[in-house]
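Could you have a look at this structure, given as structure tokens, before my questions?
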Amino acid sequence: MVDLISQYQKIKPAVDAAITGVMETAQFINGPEVKSFQSELETYLGVKHVIPCANGTDALQIALMALGLKPGDEVITPSFTFIATTEVVALLGLKPIFVDVDVDTFCIDPSLIEASITPNTKAIVPVHLYGQASNMEEIMAIAEKHNLHVIEDNAQAIGSDYHLAGGDVKTGSIGHVGCTSFFPSKNLGCYGDGGAIFTNDDQLAAEMRMIVNHGQSKRYYHDRVGVNSRLDSIQAAVLRIKLRELDNYIEARRKVADYYDNFFAQFPGIKTPVRGKESRHVFHQYTLTLEGIDRNDLNAYLAEKEIPSMIYYPVPAHKQEMFASFGSASTELPVTDWLTERVLSLPIHTEMEEEQLVFICESIAEFINVHA
Ligand SMILES: *Cc1c(COP(=O)(O)O)cnc(C)c1O
């Protein structure tokens with residue numbers, strides 16, 4: 001699905017030198033690379049505070065911990081997402097309330113949010129799935145009206161521009177807190193685990209800085225229960241180099257998406273990803289919705305030709321055993337269930353060659369011609 005080896009070859013001299021630099025100073029934890037990366041990411045995103053942490057799941061957990069919620073408080077999220085988004089809600093003793101997604105954007109459908117709000121609702125966690133931003137303008141308006149916190153799960157959309165009335169901003173900087181992951185295959189990925197939290201709110205930033213470091217306010221004084229969640233210096237050094245490439249990486253992904261869009265336009269059974277008007281799709285995934293074409297058969301056919309294709313995600317959160325005790329399996333999410341049966345993600349990354357695209361597209365055409 002990605003080609004991190006070819007990508008590394010292109011930045012190898014810079015990456016190798018940066019990693020050696022960390023080794024030679026032995027400042028492995030909270031070293032100068034971490035501070036430089038933090039401030040470079042603040043500039044790139046246009047946010048006041050970036051708080052690096054150990055991974056994207058921690059980022060979401062720490063953001064929720066900072067809100068001072070009580071057990072049983074409700075958090076609205078989509079079910080059509082990677083499990084981490086919803087898992088941390090349950091881990092903290094909060095209650096995930098699953099809301100259906102929009103069939104075109106794959107993101108939470110803002111028109112369904114208000115019906116799920118109760119006196120216990122405290123936060124909304126929209127997910128910018130596959131690199132397509134959720135409708136943040138509507139979500140923020142609902143949040144304001146009902147006095148809710150908004151935590152953006154930006155793990156798949158870092159670098160996306162969002163057009164607000166006042167001008168363009170980056171996704172992850174619109175809600176009260178934004179979270180991301182630097183898992184290697186993400187659009188901005190390191191060479192291990194990493195994550196970050198962003199906010200423009202000074203108080204939340206101070207709280208989250210304490211939480212990532214054992215709830216510590218000053219050395220060995222622990223004001224609240226926290227965690228140990230750090231981005232290490234080697235990962236920060238790699239990320240500084242890759243952050244400079246991020247916009248080029250996004251462009252490369254968008255070119256692949258354009259190629260696929262053009263090719264698949266001839267097949268009525270293939271719905272290509274819809275690009276929301278209000279944001280710039282960064283194509284973490286290129287996900288087809290198939291109608292009248294058997295998704296699982298196509299997936300198997302491509303596998304035979306050694307073309308990877310993935311189902312993100314085969315089981316939505318509300319149907320996971322993990323949430324059985326929440327009774328969420330009975331929640332009606334018809335769009336989520338419908339999409340779960342029909343989505344298929346194709347390879348998309350920064351190093352794709354035209355030859356590979358031709359092979360993938362022609363193989364899919366072959367499948368359709370044989371099975372149609
Ligand atoms: C990757 C991902 C996460 C979790 O990130 P990790 O770094 O793997 O913990 C959370 N949410 C979404 C939508 C993701 O894609």
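Whatever order the structure lists ligands and atoms in, that order sets their numbers, starting from 1. Small disclaimer: the values here were computed from a predicted structure and weren't measured. We number each residue from 1, following the sequence as shown.
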- Message: Under a 4.0 angstrom heavy-atom cut-off, which atoms of ligand 1 come close to V127?
- Response: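 Close to V127: 13 (C).
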- Item | Identity and distance of the protein heavy atom lying nearest atom 2 (C) of ligand 1 |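 Nearest protein contact, heavy atoms only, for atom 2 (C) of ligand 1 is K186 NZ, 2.6 Å.
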- Task: Kindly write out the residues that satisfy side chain to side chain donor-acceptor pair (under 3.5 Å) with H318, not counting sequence neighbours, or none if the list is empty.
- Result: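 Once residues adjacent in sequence are excluded, the partners of H318 under the side chain to side chain donor-acceptor pair (under 3.5 Å) criterion are S79, D337.
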- Message: Please classify the H284 to ligand 1 contact at 4.0 Å (heavy-atom distances, strictly less than): side chain, backbone, both or neither.
- Response: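 Neither; no heavy atom under 4.0 Å.
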- Message: Looking only at the aromatic ring of each residue, does the gap between the centers of F37 and F182 stay below 6.0 angstrom?
- Response: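 Close enough - the centres of the two rings lie under 6.0 Å apart.
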- Task: Indicate, as side chain, backbone, both or neither, the part of L129 found under 4.0 angstrom from ligand 1 when only non-hydrogen atoms are considered.
- Result: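 The answer is neither; L129 stays 4.0 Å or more away.
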- Item | Contact partition for T57 relative to ligand 1, non-hydrogen atoms under 4.0 Å |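 Both backbone and side chain.
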- Item | ligand 1 atoms in contact with A84 (distance to a heavy atom under 4.0 Å) |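 Counting from 1, the qualifying ligand atoms are 4 (C), 10 (C).
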- Query: Which residue pairs pass the side-chain hydrogen bond (donor to acceptor under 3.5 Å, both in side chains) test with at least one member in residues 81-95, sequence neighbours excluded?
  - Reply: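 For residues 81-95, and leaving out neighbouring residues, the side-chain hydrogen bond (donor to acceptor under 3.5 Å, both in side chains) pairs sorted by first residue read T81-T85, T85-D153.
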- Minimum-distance protein heavy atom relative to atom 15 (O) of ligand 1: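 Closest protein heavy atom to atom 15 (O) of ligand 1: Q156 NE2, 2.8 Å.
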- Item | Nearest non-hydrogen protein atom, atom 13 (C) of ligand 1 |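 For atom 13 (C) of ligand 1, the nearest protein heavy atom is D153 OD2, 3.4 Å.
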- Would you call R275-D261 a salt bridge at under 4.0 Å N-O?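 Judged by the 4.0 Å cut-off on N to carboxylate O distance, R275 and D261 do form a salt bridge.
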- Determine whether V343 and L288 make a side-chain contact, defined as any pair of heavy atoms from C-beta on separated by less than 4.5 Å.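 Sidechains of L288 and V343: no contact.
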- Query: Does an N or O from S181, backbone or side chain, lie closer than 3.5 Å to an N or O of ligand 1?
  - Reply: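 In this structure, S181 places an N or O atom under 3.5 Å from an N or O of ligand 1.
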- Is the F323-F326 ring centre distance short of 6.0 angstrom?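 Yes; F326 has its ring centre under 6.0 Å from that of F323.
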- Ionic contact status for K70 with D73, cut-off 4.0 Å: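 So D73 pairs with K70 through a salt bridge.
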- Message: Under 4.0 Å from a heavy atom of N55: which atoms of ligand 1 are those, numbered in the order shown and with their elements?
- Response: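 Heavy-atom distances to N55 below 4.0 Å select 7 (O), 9 (O).
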- Query: Do the side chains of H128 and Q156 get nearer than 4.5 Å, heavy atoms only?
  - Reply: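 Heavy-atom side-chain distance check fails, nothing below 4.5 Å.
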- Query: Mind checking whether F183 has an N or O less than 3.5 Å away from an N or O of ligand 1?
  - Reply: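 Checking ligand 1 against F183, no N or O pair falls under 3.5 Å apart.
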